[in-house]
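The structure under discussion appears below in the form of structure tokens.
What you see below is based on every heavy atom in this structure, not just the backbone, and it leaves out hydrogens, waters and symmetry mates.
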Amino acid sequence: MTLTDRLRHITREPISAAALAAGLAAPEHGAVVTFDGVVRGYSRGKRIRYLEYEAYPEMADRQIAAILAEARERWPETEVRAIHRTGRLEIGEVSVSIAAASAHRAEAFAACRFVIDAIKQRVPIWKKEVAEDGEEWIEGE
């Protein structure tokens, strides 16, 4: 068993947002909200070639699990899932995916927003933009 096999929320493999959300289907859920962070081709006036994400995988996995538990405490009738990718990602690939399901849309949207904002603020994952004119580590975007 490799380290990646033990991590539930960090992967080097392409993310299937549909698969993440499909697992949330339940008779009590009237709303399923998803968010995909996608690698964009332009940033701060530069044409981006690709991104590289690095993480402290064990800590990142634990932090995302804690954020999901916190979301479940705040919105007890909401189920949430999240996964973040590391490694080299090309333009258009999904870097992070969040899915939230609840009886009503307001709770699902709120939980989804909370999880992506908390991941950006608290999880040790770093992003390097590789542009046509050089590369740069980016904070908190």
Side-chain angles (χ1 to χ4, degrees), residues 1-44 46-141:
M1 177 181 281
T2 67
L3 174 63
T4 302
D5 295 332
R6 293 189 306 263
L7 301 176
R8 296 178 299 154
H9 309 293
I10 301 294
T11 184
R12 294 187 69 82
E13 302 300 318
I15 295 172
S16 169
L20 188 69
L24 293 176
E28 65 272 19
H29 294 151
V32 177
V33 173
T34 62
F35 170 80
D36 288 338
V38 179
V39 177
R40 62 182 178 267
Y42 292 91
S43 178
R44 294 171 287 119
K46 296 179 181 180
R47 185 179 177 110
I48 303 301
R49 293 175 48 217
Y50 61 90
L51 297 181
E52 288 184 11
Y53 286 93
E54 291 188 11
Y56 174 13
E58 299 91 343
M59 177 66 77
D61 195 66
R62 283 194 304 266
Q63 287 288 334
I64 291 174
I67 290 166
L68 295 175
E70 191 176 331
R72 289 182 194 106
E73 285 181 21
R74 288 180 175 212
W75 299 277
E77 296 180 15
T78 301
E79 182 60 37
V80 289
R81 295 183 179 166
I83 190 163
H84 202 297
R85 193 163 165 205
T86 58
R88 178 177 168 152
L89 279 74
E90 304 298 328
I91 305 304
E93 289 191 283
V94 175
S95 59
V96 60
S97 186
I98 315 294
S102 188
H104 303 287
R105 67 181 179 274
E107 293 83 4
F109 274 116
C112 189
R113 176 71 185 254
F114 167 79
V115 170
I116 187 59
D117 288 348
I119 286 174
K120 291 286 190 179
Q121 294 169 355
R122 299 170 17 195
V123 177
I125 296 174
W126 302 276
K127 176 173 74 174
K128 181 169 67 176
E129 286 183 349
V130 179
E132 290 180 334
D133 64 347
E135 56 189 49
E136 182 177 358
W137 288 98
I138 304 299
E139 271 191 49
E141 290 185 19

Next on the checklist: Under the criterion side-chain hydrogen bond (donor to acceptor under 3.5 Å, both in side chains), I'd like the reasoning laid out for Glu129 against Ser43: C-alpha separation, chi angles, the key distance, then a yes or no.
Outcome noted: CA-CA 9 Å; Glu129 286 183 349; Ser43 178; 2.8 Å; yes
Checklist entry - Given the rule in the side-chain contact (heavy atoms from CB on, under 4.5 Å) test, do Tyr53 and Ser95 qualify, once you have shown the distances and angles that lead to the verdict? => result CA-CA 8 Å; Tyr53 286 93; Ser95 59; 3.5 Å; yes
Item to check | Any donor-acceptor pair under 3.5 Å from His84 side chain to Ile125 backbone | outcome: no
Next on the checklist: Determine whether Val123 and His9 satisfy the following criterion, side-chain contact (heavy atoms from CB on, under 4.5 Å), listing intermediate values before the conclusion.
Outcome noted: CA-CA 11 Å; Val123 177; His9 309 293; over 6 Å; no
Item to check | From CA spacing to verdict: side-chain contact (heavy atoms from CB on, under 4.5 Å), Thr86, Ile10 | outcome: CA-CA 7 Å; Thr86 58; Ile10 301 294; 3.9 Å; yes
Checklist entry - Do Arg72 side-chain atoms and Val80 backbone N/O form a donor-acceptor pair below 3.5 Å? => result yes
Next on the checklist: Once side chain to side chain contact (heavy atoms under 4.5 Å, CB included) is applied, do any residues pair with Phe109, and if so which ones, sequence neighbours excluded?
Outcome noted: Val33, Arg105
Checklist entry - Is a donor on one side and an acceptor on the other found under 3.5 Å between the side chain of Asp36 and the backbone of Ser97? => result no
Next on the checklist: Contact between Glu52 and Glu135 at the side-chain level, heavy atoms closer than 4.5 Å - yes or no?
Outcome noted: no
Item to check | Validation row: Arg122, Ile67 side chains within 4.5 angstrom (heavy atoms) | outcome: yes
Checklist entry - Which residues satisfy the side chain to side chain donor-acceptor pair (under 3.5 Å) test with Glu77, sequence neighbours excluded? => result none
Next on the checklist: Quick check: do Ile138 and Leu51 have side-chain heavy atoms less than 4.5 Å from each other?
Outcome noted: no
Next on the checklist: Strictly below 4.0 Å, N to O, side chains only: are Arg74 and Glu70 in salt-bridge contact?
Outcome noted: yes
Checklist entry - Step by step, would you call Glu54 with Trp137 a side-chain contact (heavy atoms from CB on, under 4.5 Å)? => result CA-CA 10 Å; Glu54 291 188 11; Trp137 288 98; 3.7 Å; yes
Item to check | Arg47, CZ atom: more than 12 neighbouring heavy atoms under 6.0 Å | outcome: no
Item to check | Summary of salt bridge (Lys or Arg N to Asp or Glu O under 4.0 Å) pairs that have at least one residue in residues 90-100, sequence neighbours excluded | outcome: Arg85-Glu93, Arg88-Glu90
